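Down below is the structure, laid out as structure tokens.
In this text, all values refer to a predicted model and were calculated from it rather than measured experimentally. Quick note on labels: first sequence line is chain A, next is B, and so on, each numbered from 1.
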Amino acid sequence: MMKRTSIVQLFHGETVLFSSVLQIGDSQKINSRARVLAVQRQYELFFGNEGENIFPVFTKPIPKIQSDCRNISLQTLHQSPVISVRSIRIIAVSTAGVVHIGSTSTVDAEARIKHIRQLAPNSSEPSMGNTQTTPPMVKDEK
Amino acid sequence: MNYTVINRDVHVGDIHLIAVTSSAVFLIGDADVINLASAFDTPPESLIIGPFVPLIPGGGL
């Protein structure tokens, strides 16, 4: 298939991070993957070697839709050979996100995120009643 | 099945995005195949109120 030309007058991006792609120009294949284990603890504590590939969200296969083009005859007519955009402003591209100015053939992206929050035990307060952090009853060992 | 697409003039003004994230795609152009997947897991068990212990291998939280 013939691809159109993309014209962007102004592009402004602040941040591109965590296996994201900013592609200016045509490409053939884009493959981006991100696995995130986000552990938030009420106090600064880092054990280092925890949580590597033990969670099903990182290993479970995600079923893919198989596009069956055998019975479809696709015909694309580009009456105008350009796509033009005056300006693009993006604050952030993150976690296997793709920003692509230009044409491509295949894009395949996958993000797997596990989010865990650990709070200090506090028996004097009813749980989930108050999100404000208070000093812990038990001081955790460093 | 016969499927015909006619691409006429496309002129876009100003695009302002906050974020493109979790395997999302923002594309100015043409593509043949786009396959995107995102899995986000934060079950009730993922809120742990208790002593700060390392996440147990094989715990499957």
Side-chain angles (χ1 to χ4, degrees), chain A residues 1 3-4 6 8 32 41 43 45 47 50-51 54-57 62 64 67 71-80 83-119 121 127 138 140, chain B:
Chain A
M1 188 179 85
K3 301 281 166 52
R4 285 173 290 177
S6 306
V8 176
S32 74
R41 293 201 168 100
Y43 299 98
L45 202 59
F47 295 105
E50 55 188 331
I54 61 165
F55 301 109
V57 71
I62 295 173
K64 280 207 171 107
S67 58
N71 321 322
I72 301 165
S73 92
L74 173 66
Q75 201 180 5
T76 311
L77 302 167
H78 296 316
Q79 211 170 70
S80 165
I83 302 167
S84 84
V85 177
R86 195 190 303 129
S87 82
I88 299 169
R89 296 177 76 85
I90 298 179
I91 292 177
V93 190
S94 174
T95 326
V98 177
V99 171
H100 197 294
I101 300 168
S103 294
T104 184
S105 179
T106 310
V107 182
D108 197 315
E110 191 182 284
R112 291 165 181 261
I113 298 159
K114 177 81 181 175
H115 190 208
I116 296 171
R117 289 148 290 166
Q118 276 194 334
L119 304 179
S127 61
V138 188
D140 52 277
Chain B
M1 191 177 89
N2 288 316
Y3 181 59
T4 308
V5 176
I6 301 167
N7 289 318
R8 301 186 201 278
D9 275 20
V10 182
H11 295 287
V12 178
D14 304 317
I15 298 171
H16 192 179
L17 292 171
I18 302 294
V20 179
T21 185
S22 298
S23 86
V25 170
F26 174 58
L27 173 70
I28 309 232
D30 297 310
D32 295 321
V33 180
I34 297 180
N35 222 320
L36 308 173
S38 179
F40 187 91
D41 187 19
T42 177
E45 310 93 273
S46 66
L47 176 63
I48 303 164
I49 299 172
F52 293 132
V53 290
L55 308 169
I56 312 140
L61 261 177

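What you find for Gly102(A) and Leu27(B) is that their closest heavy atoms are O-CD1, 3.4 Å. When all heavy atoms of His115(A) and Thr42(B) are compared, the closest pair comes out as O-OG1, 3.4 Å. Nearest heavy atoms, Ser6(A) versus Gly29(B): OG-CA, 3.6 Å. Between Arg8(B) and Arg4(A), the shortest heavy-atom contact is O-NH1, 4.5 Å.
Atom-to-atom distance recorded for Ile83(A):CD1 and Asp30(B):CG is 5.0 Å, nearest 0.5 angstrom. Rounded to the nearest 0.5 angstrom, Arg89(A) CZ and Ile18(B) CD1 are separated by 11.0 Å. To the nearest 0.5 Å, atom CG of residue Asp9(B) and atom CD of residue Gln79(A) are 7.5 Å apart. Of the inter-residue distances, the one linking Gln75(A) atom CD with Thr4(B) atom OG1 reads 5.0 Å to the nearest 0.5 angstrom. Annotation: the span from Ser84(A) atom OG to His11(B) atom NE2 amounts to 4.5 Å, rounded to 0.5 Å. Atom CZ of residue Phe26(B) and atom CD1 of residue Ile101(A) lie 7.5 Å apart, to the nearest 0.5 angstrom.
Neither the backbone nor the side chain of Ser32(A) comes within contact range of chain B, judged by heavy atoms closer than 4.5 Å. Residue Ile62(A) touches chain B through its side chain alone, counting heavy-atom pairs closer than 4.5 Å.
Of the listed residues (Ile91(A), Thr95(A), Ile113(A)), the greatest number of heavy-atom pairs within a distance under 4.5 Å of chain B belongs to Ile113(A). When the candidates Ser87(A), Ala96(A), Ser80(A) are compared by the number of heavy-atom contacts under 4.5 Å with chain B, Ser87(A) comes out ahead. Top candidate by heavy-atom pairs under 4.5 Å with chain B, chosen from Thr106(A), Asp108(A), Ile88(A), is Ile88(A).
With hydrogens and angles ignored, the 3.5 Å screen pairs no side-chain donor or acceptor of Asp41(B) with any backbone N or O of Lys114(A). Between the side chain of Thr21(B) and the backbone N or O of Ser94(A), at least one donor-acceptor pair lies under 3.5 Å.
With respect to Val85(A), the side chain to side chain contact (heavy atoms under 4.5 Å, CB included) criterion is satisfied by exactly one of Ile28(B), Asp14(B), Val10(B): Ile28(B).
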List the steps and the verdict of side chain to side chain contact (heavy atoms under 4.5 Å, CB included) for Met1(B) and Asn71(A). CA-CA 6 Å; Met1(B) 191 177 89; Asn71(A) 321 322; 5.8 Å; no

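Heavy atoms from other residues, nucleotides or ligands lying under 6.0 Å from CZ of Arg117(A) number more than 12.
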